[in-house]
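Okay, structure first, notes after.
Values reported hereafter were calculated over all heavy atoms of this structure, with side chains retained and with hydrogens, waters and symmetry mates removed.
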Amino acid sequence: MKICAISDTHGLHRSLEIKPSDILCIAGDISPLEIQGRKQAMLEWLKYDFIPWCETLPVDKVILTPGNHELAVSHMENEVRALFKNTKVVYLIDELYIYNNYKIWGTPWCSIFGNWAYMKLPEFEEERFMRMPEDIDILITHDPPYGACDICLEHPRGYYEHIGNKELAKAVSIKKPKIVLCGHLHTGKSRETFDNSINVYNVSVVNEQYNIYREPLYLEIV
């Protein structure tokens, strides 16, 4: 199966070239910054911009989990799911999707660092992450697990340390998905190995200035 993966497009999705693939995985933060908190504007953008773009892509399915910038989206889950019904878009929040026998799990939760969407206390997040089955092929999560792809190489405050999600790291260590696709930290390393065996990919396409600087990731899994 051929996978294309992106994250943190922040409304710049049409600037990307998506090559023919079986699935496009999006690890959150699709919302344009200027409307991210406006419910009606986001619904209209999803309906008239994002979904039509997805429908034109040379992929069979677009598998999306939201991110912390999905502020409006997080308050209207039913309306968003209704928009995605009967489209290419598969919307996952702590859910399993099976594509051609490949098991894909999507979860949006992030460590708390401000008043953003999908940020909860560690106890809540640990319970949600542990819902993931043990035989997952692809984990799509907005936050990176602690220790992999979780150092901002262009941190605006000038310090560099691991700031990934510790509850997610615990779940990944126990459940052992084959690969992890994440974003959130725009300038984290593009790939690192977690627990000596699990490939973690940061598929953010923008830098800290919200300019596109990284191409979509392409992988083939068997």
Side-chain angles (χ1 to χ4, degrees), residues 1-9 12-30 50-51 53-67 84 87-108 129 132-145 147-150 153 164-165 168-169 171-207 212-222:
M1 178 172 68
K2 188 171 184 179
I3 303 164
C4 177
I6 59 176
S7 181
D8 299 85
T9 52
L12 301 177
H13 50 287
R14 292 183 179 273
S15 299
L16 300 172
E17 179 186 2
I18 305 299
K19 298 177 182 178
S21 305
D22 292 303
I23 59 174
L24 169 63
C25 299
I26 306 180
D29 278 7
I30 62 171
F50 181 73
I51 292 174
W53 175 74
C54 290
E55 293 296 300
T56 67
L57 297 177
V59 301
D60 191 25
K61 293 292 183 181
V62 176
I63 304 173
L64 167 68
T65 195
F84 289 147
T87 72
K88 285 186 178 183
V89 182
V90 177
Y91 189 62
L92 299 179
I93 297 181
D94 303 314
E95 294 168 89
L96 176 68
Y97 177 70
I98 299 176
Y99 178 84
N100 288 349
N101 295 319
Y102 292 95
K103 295 182 178 180
I104 304 165
W105 186 266
T107 184
F129 293 142
M132 175 175 54
E134 293 186 358
D135 55 351
I136 292 300
D137 295 292
I138 304 170
L139 170 60
I140 307 173
T141 179
H142 189 56
D143 217 3
C149 299
D150 66 334
L153 302 180
N165 193 302
L168 177 61
V172 170
S173 183
I174 293 171
K175 303 289 187 172
K176 299 190 182 305
K178 290 184 175 66
I179 65 171
V180 179
L181 303 174
C182 61
H184 190 40
L185 305 181
H186 296 175
T187 56
K189 288 184 179 180
S190 58
R191 184 184 71 82
E192 289 193 294
T193 302
F194 179 85
D195 242 9
N196 298 315
S197 61
I198 300 167
N199 283 325
V200 178
Y201 298 90
N202 181 331
V203 294
S204 298
V205 297
V206 299
N207 59 17
I212 289 180
Y213 88 119
R214 185 183 282 160
E215 296 292 325
L217 173 72
Y218 292 92
L219 295 171
E220 289 199 31
I221 63 173
V222 296

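- Residues that satisfy the side chain to side chain donor-acceptor pair (under 3.5 Å) test with N165, not counting sequence neighbours, are S111, E125, D143.
- Separating the OH atom in Y201 from the SG atom in C25 is a distance of 12.5 Å, to the nearest 0.5 Å.
- The CD1 atom of I63 sits 3.5 Å away from the CD1 atom of I104 when rounded to the nearest 0.5 Å.
- A distance of 9.5 Å separates CD1 of I23 from SG of C4, quoted to the nearest 0.5 Å.
- At most 12 non-hydrogen atoms from other residues, nucleotides or ligands lie less than 6.0 angstrom from CD of E215.
- Under the 3.5 Å distance criterion, the side-chain polar atoms of T187 are left unmatched by any main-chain donor or acceptor of N207.
- Take E95 and apply the side chain to side chain donor-acceptor pair (under 3.5 Å) test, not counting sequence neighbours, and it matches R81.
- Contact annotation: the side chain of S173 approaches that of F194 to within less than 4.5 Å [non-hydrogen atoms, C-beta and beyond].
- What you find for G106 and T65 is that their closest heavy atoms are C-OG1, 3.8 Å.
- Although no hydrogens or angles enter the test, the distance criterion places a donor-acceptor pair under 3.5 Å between the side chain of R214 and the main chain of S204.
- More than 12 non-hydrogen atoms from other residues, nucleotides or ligands lie less than 6.0 angstrom from CG of D135.
- Annotation for K2: atom NZ counts as buried by contact number, over 12 foreign heavy atoms lying within 6.0 Å.
- Evaluation of the salt bridge (Lys or Arg N to Asp or Glu O under 4.0 Å) rule for D22 yields no partner, not counting sequence neighbours.
- The shortest non-hydrogen separation linking P58 to I18 is CG-O, 3.3 Å.
- Rounding to the nearest 0.5 Å gives a distance of 11.0 Å between NZ of K103 and CD of E134.
- I30 has its side chain within reach of F50: a pair of non-hydrogen atoms, C-beta onward, lies under 4.5 Å apart.
- Considering OG1 of T56 and CD1 of I51, their distance stands at 12.5 Å, rounded to 0.5 Å.
- In this structure the side chain of L139 never reaches within 4.5 angstrom of the side chain of L181, judged on heavy atoms.
- Between I138 and I221, some side-chain heavy-atom pair lies under the 4.5 Å cut-off.
- For the pair Y97 and K61, the minimum side-chain heavy-atom distance is below 4.5 Å.
- Remark: Y102 engages no residue in a side chain to side chain donor-acceptor pair (under 3.5 Å) (not counting sequence neighbours).
- Counting only heavy atoms from C-beta outward, the side chains of V205 and L12 never approach each other to under 4.5 Å.
- Annotation: salt bridge (Lys or Arg N to Asp or Glu O under 4.0 Å) contacts involving residues 192-206, sequence neighbours excluded, comprise K176-D195, K189-E192.
- Ring orientation note: the planes of F84 and Y91 are tilted relative to one another, at an angle of 30° to 60°.
- Every residue two or more places apart in sequence or in another chain that forms a salt bridge (Lys or Arg N to Asp or Glu O under 4.0 Å) with K178 is listed here: D137.
- The backbone N or O of V59 lies less than 3.5 Å from a partner atom in the side chain of K88, making a donor-acceptor pair.
- The closest side-chain heavy-atom distance from D8 to H142 is below 4.5 Å.
- S7 places no side-chain N or O within donor-acceptor distance of the main-chain N or O of C182, the cut-off being under 3.5 Å.
- Contact annotation: the side chain of L185 approaches that of P144 to within less than 4.5 Å [non-hydrogen atoms, C-beta and beyond].
- Atom CD1 of I198 is separated from atom CD1 of I179 by 11.0 Å, given to the nearest 0.5 angstrom.
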